[in-house]
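Here's the structure, in C-alpha cells; my notes come after.
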Amino acid sequence: MQADGKSTTTAVVLAAGLGTRMKSDLPKVLHPVAGRPMVGHVLATLDGIGADHAVVVVGDGMDALAAAVRPHATAVQKERLGTGHAVLAARDFIQTHPADDLIVLYGDTPLITTDTLRAMLAARRSPARPGVVVLGFEPADPGPYGRLILDGDGALTAIVEAKDATSEQLAVTLCNSGVMVIDGARALDWLDRIGNRNAKGEYYLTDIVAIARADGAAAAVVIGDADEVLGVNSRVELAEAETIAQQRLRARAMAGGATLIDPQTVYLSWDTELGRDVVIGPNVVFGPGVRIADNVEIRAFCHIEGATVAAGTVIGPFARLRPGADLGTGVHIGNFVEIKASQLGEGTKVNHLSYVGDSIVGAGVNIGAGTITCNYDGHVKSKTVIGDHAFIGSNTALVAPVTVGAGAIVGAGSAISKNVAAGALAVTRADQKEVKGWADRFNAKRRKDKQDRKKEG
Ligand code: UD1
Ligand code: MG
C-alpha cells in the first residue's frame, strides 16, 4: 500500500513469442493497430490505470523490441518454456518492484481496456480477498483455450489447458483469456511451485490457480468481452484487432462531438484528436499525430497525417496533409492539394492541384491552381516564404529557397527563383504576341484544302 492507502501494481507483459505465423521480420507485438504497436497499447492501458511499474518479457535476441519499448524495462526469457516460466523471467524486476498486485498481460492482446483491469483489481479487494483473479471470456469457439473450472459457488478452482482436459472439462465454455491479477506478496512463491508435468511439458501460468487454492487462497473470475482479449497470431487476427480498434475510435470520435457521415469508412489513429462539430466525409484516413480543432470540415477522400488544423478550416475533397502541415483558422485546402511541413496563416486558400512543402505562408494568401513549391533540388530541401495577402497566380513554380513579400502578386505561369518584394508584381512568362486575323486565315485555308481533297476523291 502507498501512504495514501492506494494499492500498488506491478505489471508483467509477456512478449517473448516469436510470432512465426505473422511471417514477418518485425517482432509480432510491434505490428501496429490503429497506428501504434500492439505492445504500446498494452503499456498505455497500464498507464491508464496508474500501474506503478511495468516490465516487458522479451525473447532472447529481441533487441529491437527492447529498444522499442524503452523507457519501459525489459526482462529476457532465454528459452520459451511456457507462460509460467515467462513471468518468472521477470523475477528480478518483480522482486525489486514489490506491489500489492501483480498483473500479467500479453503484448499480442492489445485491446484490453482500463475498465476491465480496474474491475479485476477491484475483485482482488472483494470480501473473499482472492489471491488470484482471472479474466474469463466466452469465445465463439472455445477450441484451444484453457477452461475455467468453477465450483458450485462460482469460485474458480482450476484452469485446465485444452490439451490436458477431459471431455467433460472441454464442454466448459468459459475460457481463460490469460490475463491475471495475483497477490503481489505471494506471487513469486506460487510461481516457483509451478511444474511442467503436462501434455505440453510447459510451465503453465494457469497452474497458479490450483497452487494458490492449495495454499488457502481463493481464486475468482471476472468475465470480459471476447473482443477485448483477442490475441493476435496472424495477419488475419491483426486485421480483426484493427477492425475492433477502429470501431472504438469511431465511437469515441462521435461521442466527442464529431460527425462521421459514414463511420465505417473513416480510419482513425489511436491519438487522433477531433474537436467539436468536426464533420468528416466518407473515406477519410488519419495517420498518427493529427489534431483537428472545432468546426473543421474534412470532405471525402482525404489522407491526413501528423497535421495540426485550426478551427473553421475546410479540407478536401481529395486532399493530403502530410507531417508538419499546420493550418491556421479558416484555411481552405481543396482537391488534389498536398501540404507538407508548412505553416499556413489564417484564411489562406490553396484550392486546387497544388503542392506546398517546407513553406511558411502568411494569412489571407491565395495560392492559385497548380502552384508548386519546388522545395528539392535533388540534394537538399529549401524553404519558401510567402507574406500575408500575397497572390500566387495559377501554375506558378516557386523555386526554393525563395521569398514572396506581403501583398505581392505573382503572374500566372511564372517560375519564381528570385525573391519578390512586398507589394510588387513578378511575372516570368514571355510577352504575349498577337497576329491580327491569323486564325481566320488559317481556318479558311484548312477548310478549302479539305474541300479540294473531297472533289479530287
Ligand atoms: C494460454 C493459456 C490458456 C489461454 C490462452 C489464451 C497457459 C498455459 N495457457 O495458452 O489457458 O486460454 O493463453 O490465449 O498460460 N509466452 C511467452 N513465453 C513463453 C510462452 C508464452 O512469452 O514461454 C507468451 C506468448 O508470446 C503469448 C502468451 O505468452 O503472447 C501466451 O502463450 P501461448 O503459447 O499462446 O499460450 P496458449 O497455449 O495460447
Ligand atoms: Mg496463444
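For this chain, numbers begin at 1 and follow the sequence in order. Atoms within a ligand are numbered from 1 in the order they appear, just like the ligands themselves.
- Nearest heavy-atom pair, Lys28 versus Asn233, reported as atom, atom and distance to 0.1 Å: NZ-OD1, 3.0 Å.
- In this structure, ligand 1 sits under 4.0 Å from heavy atoms belonging to Leu14, Ala16, Gly17, Gln77, Arg80, Leu81, Gly82, Thr83, Ala86, Tyr106, Asp108, Tyr145, Gly146, Glu161, Asn176, Ser177, Lys200, Tyr204, Thr206.
- Residue pairs meeting the salt bridge (charged side-chain N to carboxylate O under 4.0 Å, His left out) criterion with at least one member in residues 71-93, sequence neighbours excluded, are Arg91-Asp192.
- A salt bridge (charged side-chain N to carboxylate O under 4.0 Å, His left out) check over residues 294-314, counting only residues at least two apart or in different chains, returns the pairs Glu297-Arg299.
- The side-chain hydrogen bond (donor to acceptor under 3.5 Å, both in side chains) contacts involving residues 141-155 comprise nothing, where partners must be two or more places apart or lie in separate chains.
- Between His53 and Phe93, the ring-plane angle classifies as perpendicular under the 30° and 60° cut-offs.
- Shown here is Gln95, whose CD atom has more than 12 heavy atoms of other residues, nucleotides or ligands within 6.0 Å.
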